[in-house]
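Sequence lines set the chain letters: A, B, ... in the order given, protein chains first and strands last, and positions in each chain run from 1.
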Amino acid sequence: MEDKIIINCALPYANSTPHIGNIAGCYIEGDIYNRFTKLFGKNSVFISGSDEYGTPTTIRAEKENKTPKEIVDYYHAEQKRVFSSIDIEFDYFGRTTSENHAKFVQEVYRDLKNKGYIGERLMISPFCPTCKKFLPDRYVTGTCPRCGNPTARGDQCEECGRNNDPQDLLEPKCSISGDTPEFLETRHMFLLLGKFQDFLKEWIESQNSWRPNVRSFSLSFIESGLKERAITRDIEWGVPVPEPGYEGKRFYVWFEALLGYISNAQEYSSQAGNPELWQDFYKNGKSYYFMGKDNIFFHSIMLPAILKGYGHEIKLPTRINGNEYLRFAGKKFSKSKGIGYNVNEILQIVDKDSLRYYISSILPESSDSDFTLQEMVGKVNGELADKYGNYANRVLAFCLKKDIIPEEDGIIDEEDARVIKMSESNFEEYLKLMENLEFRKALSLWLELVSYSNSYFNRSQPWKLIATDRSACSRKLHISLRLLDYCTLMLHPFVPSGTSRIWESYHEGAIMGTFDELIAGNEKFTIKSSEIPFKKLEVQEEPKNGLNLKVGKILEAGYHPGADSLLLLKVSLGERNIKLVAGLRKYYDPDALVGRKIIVVENLKWAKIRGEESQGMLLAAQDSMGAHIITTNEEEGSSVKIGEYEYDGEQKIEIDDLKAYDLRVDIKDGHSEITGLIGRNRLSLNVNNKGLLIDGGAQDKSTVR
RNA sequence: AGCGGGGUGGGGUAGUUAGGAAAUCCCGACGGGCUCAUAACCCGUAGAUCGAUGGUUCAAAUCCAUUCCCCGCUACCA
């Protein structure tokens with residue numbers, strides 16, 4: 001009997017719009033695999049849903065003066081809309097605030113409790129007498145015991161990064177009422193994870209098909225010992241705990257959300273008119289889970305422990321597919337810092353097919369990968385539009401224009417036989433890779449076949465054959481179209497819309513049914529039209545220099561009182577003086593710096609470093625010998641250009657923005673210069689057309705910052 | 001500085017888990033072909049001592065050690 005397959009994607013948290021990093025790290029892979037399994041005749045369902053409980057939702061609701069329900073309603077709808085805007089089609093996209101979900105979570109909880117996998121423990125938690133409730137750690141503020149920051153939070157101090165317990169804070173306050181919380185005992189239920197330690201170890205060790213990163217991460221986690229974990233909290237927004245005395249408590253999100261996979265599948269089954277359907281999948285089938293690497297622990301350890309404890313014949317995950325991160329031009333995608341695009345924004349630049357193609361070709365399967373507009377344009381135009389799109393168009397347009405019907409004529413020459421064999425073996429290999437979730441490799445195999453198809457068409461020269469041997473011409477075109485069939489179906493899971501368009505332009509039906517049926521039905525083609533299937537992208541960015549670099553002269557230098565690697569400098573920029581903090585203490589004596597000319601990044605956001613304000617930053621080259629300040633003989637206050645580009649910006653920049661310019665030392669023919677990137681060009685920094693100097697010299701390719 | 005991930009032709013990458021003859025593919029450069037097609041496609045050429053050093057081995061991009069550099073997160077980075 002054919003395997004049943006359930007495909008799950010980590011439930012997205014219902015408080016934001018997914019960005020490209022989320023899509024690439026999880027959802028698009030699920031969608032690709034789902035489309036693949038369906039196209040190749042497997043019985044699969046693709047399920048996810050929004051994760052709607054938890055403290056971040058409460059916080060957001062308070063900030064926006066809304067109820068948590070209003071927040072999650074909005075984002076649930078938003079997420080559905082965003083996924084469908086890029087053809088990510090779930091069979092069911094549910095939500096953890098459903099009644100059924102709560103019922104199922106409580107059922108699993110009772111079962112685990114009865115079997116002795118859950119124990120009650122006493123904890124000490126901050127309780128606000130004014131608000132009359134226990135406070136989440138982050139709702140407690142106070143003075144950090146390490147650095148003295150008076151606005152540290154109960155979970156972490158933003159100033160020194162220390163991870164706190166709320167009890168550690170001096171003069172703790174409730175961040176809502178401002179009153180001093182009491183530390184009271186409170187009871188909570190704990191999942192006794194340790195009971196599963198040996199089982200999990202053995203189970204994970206036997207999972208040979210898992211990616212190495214997932215397997216080794218999980219094993220090393222188990223190696224360090226599994227501790228019991230609280231599964232309830234003193235909060236209001238969550239699934240109620242069916243336990244006397246727990247009326248004011250709720251399940252902690254991670255425990256409850258993991259069960260969403262099954263509760264969503266149950267809801268899907270009911271909706272499909274067969275409430276027991278989900279059992280087919282979870283008891284007799286395979287289950288695939290797609291997620292980002294930050295979620296591996298929950299899926300490879302928590303979920304299996306819960307399912308194992310619960311039993312009821314539910315099978316443990318078949319594959320846990322943890323992905324690395326997709327970065328945007330080298331930086332982590334971040335809404336709050338405005339790095340990268342969310343899906344809505346990127347769709348104003350590219351169409352969904354191009355976006356899906358590009359993301360598929362750089363999926364962060366085994367290591368972090370970079371999303372850049374430039375590379376996207378290159379790949380989409382060169383591969384999707386030029387090679388594949390143009391191939392479809394050139395074959396179809398030829399047939400239409402010359403009014404020739406591609407048909408077999410019973411003859412197969414040596415060349416044809418070789419091509420057919422090649423396409424078949426390429427396809428077999430593709431199937432193996434797809435089944436093993438190696439999507440990037442599968443896609444590069446596809447590209448190989450596209451090139452091969454173009455090559456065959458070139459060698460066949462149908463434009464000549466049509467005059468000399470119409471029958472052979474028709475046969476060659478027929479084979480060309482069969483190659484197009486393979487290319488189109490292989491690409492279909494990745495780029496569903498565009499491939500459907502192409503398919504329908506030369507077949508009677510749509511891409512419906514299984515691969516075998518589709519291929520078998522193609523003894524004859526009915527060419528209806530030929531259009532350019534993929535438009536080329538035109539994304540151009542005017543290169544500009546947003547770095548305001550000025551020559552400065554050090555007036556005073558001294559030690560930073562509160563840090564052992566920092567210096568404090570007073571610097572003249574000509575018309576005014578500024579204060580700088582510099583990490584040079586290990587390499588420079590303050591006295592030796594006074595009077596030196598330096599290069600200052602003038603439009604850097606001011607920042608407080610260990611209590612001292614830094615109103616810019618000086619440039620220094622860093623190599624294995626240490627730090628070397630960048631200097632010049634020109635007047636203080638002079639501007640530094642990158643190539644011919646003068647400063648052209650108004651905004652203050654973040655320190656991370658410097659990385660885009662990739663300032664570094666370049667040594668050519670014995671001469672050192674400082675260079676930076678403007679657009680694609682690496683240009684040298686100069687003041688009044690004179691190059692910059694490096695104090696003491698530095699090694700080639702040293703980073704300047 | 002701590003943790004994690006990497007250094008492979010001009011750029012981007014595959015190959016490293018199980019060491020083995022000529023190191024993969026895409027872009028770019030150069031030369032050629034074709035004219036059906038989206039100035040597209042196809043063929044060919046050049047270009048890499050696989051970061052460095054040392055070791056194991058008949059054999060190392062691949063294993064071991066040391067080291068340098070880069071990136072991400074964190075930070076006494078600014």
Side-chain angles (χ1 to χ4, degrees), chain A residues 147 156 159-163 208 211-213 215-217 293-294 324-325 327 330-332 361-362 364 366-370 372 374-375 377-379 381-383 385-387 389-402 404 440-441 443-445 447-448 450-466 473 477 480 530-536 560 562-566 580-583 585-586 600-601 604-620 622-624 653-656 658-659 662 664 680 699-703 705:
Chain A
C147 72
Q156 199 185 41
E159 208 51 46
C160 70
R162 180 188 151 121
N163 288 310
N208 295 319
R211 284 186 190 158
N213 59 341
R215 212 164 148 250
S216 58
F217 173 86
K293 62 180 163 189
D294 48 341
E324 303 295 312
Y325 291 136
R327 293 177 314 224
K331 291 183 245 179
K332 193 179 172 178
S361 72
I362 57 163
S366 57
S367 63
D368 291 351
S369 58
D370 268 345
T372 68
Q374 196 183 315
E375 192 192 27
V377 172
K379 281 199 174 263
N381 289 355
E383 298 170 8
D386 288 344
K387 285 208 159 61
N390 178 50
Y391 177 67
N393 184 237
R394 73 192 290 208
V395 180
L396 296 175
F398 183 87
C399 295
L400 284 176
K401 201 182 281 180
K402 308 287 180 186
I404 184 167
R440 282 174 73 159
K441 282 188 197 165
L443 202 54
S444 76
L445 224 45
L447 187 60
E448 221 172 86
V450 174
S451 266
Y452 200 77
S453 303
N454 269 312
S455 176
Y456 172 75
F457 192 82
N458 273 27
R459 275 178 282 125
S460 304
Q461 299 185 306
W463 52 89
K464 280 187 183 161
L465 263 189
I466 194 154
C473 180
L477 289 171
S480 295
S530 85
E531 278 164 27
I532 289 177
F534 300 105
K535 275 191 218 128
K536 293 204 201 190
H560 187 301
D564 47 2
S565 68
L566 301 178
L580 293 183
V581 176
R585 188 151 164 183
K586 273 184 258 176
V600 175
V601 183
L604 190 66
K605 265 196 186 154
W606 293 7
K608 248 190 189 171
I609 313 294
R610 284 245 140 179
E612 292 292 336
E613 188 156 72
S614 189
Q615 304 172 330
M617 159 183 175
L618 66 75
L619 293 186
Q622 189 85 37
D623 65 13
S624 53
I653 60 169
E654 299 276 350
I655 192 150
D656 282 351
L658 264 178
K659 287 176 187 154
D662 192 28
R664 71 178 196 208
R680 299 179 192 197
Q699 290 159 9
D700 195 21
K701 306 285 185 274
S702 305
T703 317
R705 46 173 292 164

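With both pairing distances under 3.5 Å, rG54(B) is matched to rC64(B) as a Watson-Crick or G-U wobble pair. Partner assigned to rC30(B) is rG44(B), using Watson-Crick or G-U wobble distances below 3.5 angstrom. Nucleotide rC77(B) is matched to nothing when pairs are restricted to Watson-Crick or G-U wobble geometry with both distances under 3.5 angstrom. The partner of rG19(B), taking Watson-Crick or G-U wobble pairs whose two distances both stay under 3.5 Å, does not exist in any strand shown. The nucleotide rG4(B) finds its pairing partner in rC71(B), both defining distances of the Watson-Crick or G-U wobble pair being shorter than 3.5 Å.
Within 4.0 Å (heavy atoms only), N390(A) reaches at least one base atom of the nucleic acid. A392(A) comes within 4.0 angstrom of nothing in the nucleic acid, heavy atoms only. Contact annotation for G389(A): base contact, defined as any heavy-atom pair under 4.0 Å involving a base atom. Counting any heavy atom pair closer than 4.0 Å across all strands shown, Y391(A) reaches no nucleic acid atom. Within 4.0 Å (heavy atoms only), E383(A) reaches sugar-phosphate atoms of the nucleic acid but no base atom. Across all strands shown, K387(A) has heavy atoms under 4.0 Å from sugar-phosphate atoms exclusively, and none from any base.
For K293(A) and rC73(B), the shortest distance from a side-chain N or O to OP1 or OP2 is not below 4.0 Å. Side-chain nitrogen and oxygen atoms of S455(A) include at least one within less than 4.0 Å of the OP1 or OP2 phosphate oxygen of rC43(B). Note on K441(A): every side-chain N or O is 4.0 Å or more away from OP1 and OP2 of rC25(B). For S451(A), a side-chain nitrogen or oxygen approaches OP1 or OP2 of rC42(B) to under 4.0 Å.
rG12(B) and rU38(B) have their C1' atoms separated by 24 Å, with the value rounded to a whole Å.
Atom pair K379(A):NZ and rG28(B):P shows a separation of 13 Å (rounding to whole Å applied). Between R394(A) atom CZ and rA39(B) atom C1' the separation is 14 Å, expressed in whole Å. Distance, L619(A) CG to rC77(B) P: 17 Å, rounded to whole Å.
Ranked by how close their nearest RNA chain B nucleotide is to the 5' end, N393(A) and M617(A) are led by N393(A). In terms of position along RNA chain B, the nucleotide closest to F457(A) lies nearer the 5' end than the nucleotide closest to the other residue of the pair V581(A) and F457(A).
In terms of modelled atom types and a separation under 3.5 Å, the side chain of S444(A) and the main chain of K441(A) share a donor-acceptor contact.
In this structure, F398(A) does not count as stacked on the base of rC36(B) under the 5.5 Å centre distance and 30° plane angle limits.
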> Please walk me through it: do E383(A) and K387(A) pass salt bridge (charged side-chain N to carboxylate O under 4.0 Å, His left out)?
Replying inline: CA-CA 5 Å; E383(A) 298 170 8; K387(A) 285 208 159 61; over 6 Å; no
